[in-house]
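Read the structure below first, then the notes.
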Amino acid sequence: MTPAEKGLYPISEVEKRTGLSARQIRYYESMGLVSPTRTNGGQRRYSEKDVLRLIQIKQMKESGFGLKSIKEKIQVFERNLEELSLSDVNHDREVLSSLFPVSNRAVLMKLLEKK
DNA sequence: GTTCTCACA
DNA sequence: TGTGAGGA
């Protein structure tokens with residue numbers, strides 16, 4: 001991967017890193033679960049955040065959640081993530097942690113630490 | 001060669 | 001969700 005493209009992955013890379021099929025990745029995008037940027041040629045470029053989010057989605061799916069539930073969780077997560085930059089961090093950590101099952105805590109904390 | 005969209009025996 | 005067609 002060239003230096004200029006660091007942090008931006010083509011769908012083939014995301015497939016490897018998430019274990020999801022390109023079909024699924026594109027489908028989730030249609031549901032508003034991820035928002036990859038596009039190259040001039042129209043190809044998707046996923047950020048580190050997108051990859052992490054897709055991994056969360058995969059884990060939730062494995063935890064038995066339907067895509068409908070996952071979409072709701074993601075939206076709640078997004079809303080709280082915005083508030084995170086404006087309010088008390090420790091309080092939000094508790095709120096966010098309560099929104100995810102134990103299996104997703106690790107990913108969640110990783111996201112929060114990057115903030 | 002890779003990815004994109006659309007559509008479906 | 002997969003897969004093939006037809007383009008870029």
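A note on names: the letters A, B, ... follow the listed sequences, proteins ahead of strands, and every chain is numbered from 1. Excluded from the calculations below are hydrogen atoms, water molecules and symmetry mates; all remaining heavy atoms, backbone and side chain alike, are included.
Heavy atoms of A:G41 sit nowhere under 4.0 angstrom from any nucleic acid atom.
Of the charged side-chain nitrogens involved, none lies within less than 4.0 Å of a carboxylate oxygen, so that A:E13 and A:R45 do not count as a salt-bridged pair.
Looking at A:T18 and A:I25, their side chains come closer than 4.5 Å, going by heavy atoms from C-beta outward. No side-chain heavy atom of A:Y27 sits less than 4.5 Å from a side-chain heavy atom of A:L33.
In this structure, B:dC4 forms a base pair with C:dG6, meeting either the Watson-Crick or the G-U wobble geometry with both donor-acceptor distances under 3.5 Å. Of the nucleotides present, none pairs with C:dT1 by Watson-Crick or G-U wobble criteria with both distances under 3.5 Å.
At B:dT3, none of the side-chain N or O atoms of A:R44 fall inside 4.0 Å of OP1 or OP2 (strictly under the cut-off). Between A:Y28 and C:dT1, a side-chain N or O to OP1/OP2 separation shorter than 4.0 Å is present.
Here the side chain of A:K58 pairs no donor or acceptor atom with the backbone of A:L20 at under 3.5 angstrom. Not a single donor-acceptor pair under 3.5 Å links the side chain of A:S63 to the backbone N or O of A:F65.
Side-chain proximity of A:Q43 to the nucleotides C:dT1, B:dC4, C:dG2 is greatest for B:dC4.
Annotation for A:D50 and A:S35: closest pair OD1-N, 3.7 Å, computed over non-hydrogen atoms. The two atoms that bring A:Y46 and A:P10 nearest to each other are CD1-C, 4.5 Å, heavy atoms only.
To the nearest angstrom, P of B:dT5 lies 15 Å from OH of A:Y27. Regarding A:R26, its CZ atom lies at a distance of 7 Å from the P atom of B:dT5, rounded to whole Å. Summarising the geometry, the separation between CD1 on A:I11 and P on C:dA8 is reported as 20 Å, rounded to the nearest angstrom. One interatomic measurement links the two molecules: CG of A:L20 to P of C:dG2, which rounds to 9 Å at whole-angstrom precision. Computed from coordinates, the A:I25 CD1 to C:dT1 C1' distance equals 13 Å when rounded to whole Å. To the nearest angstrom, P of C:dT3 lies 12 Å from CD of A:E15.
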Check: protein-nucleotides 6-8 of chain B nitrogen or oxygen pairs below 3.5 Å:
none

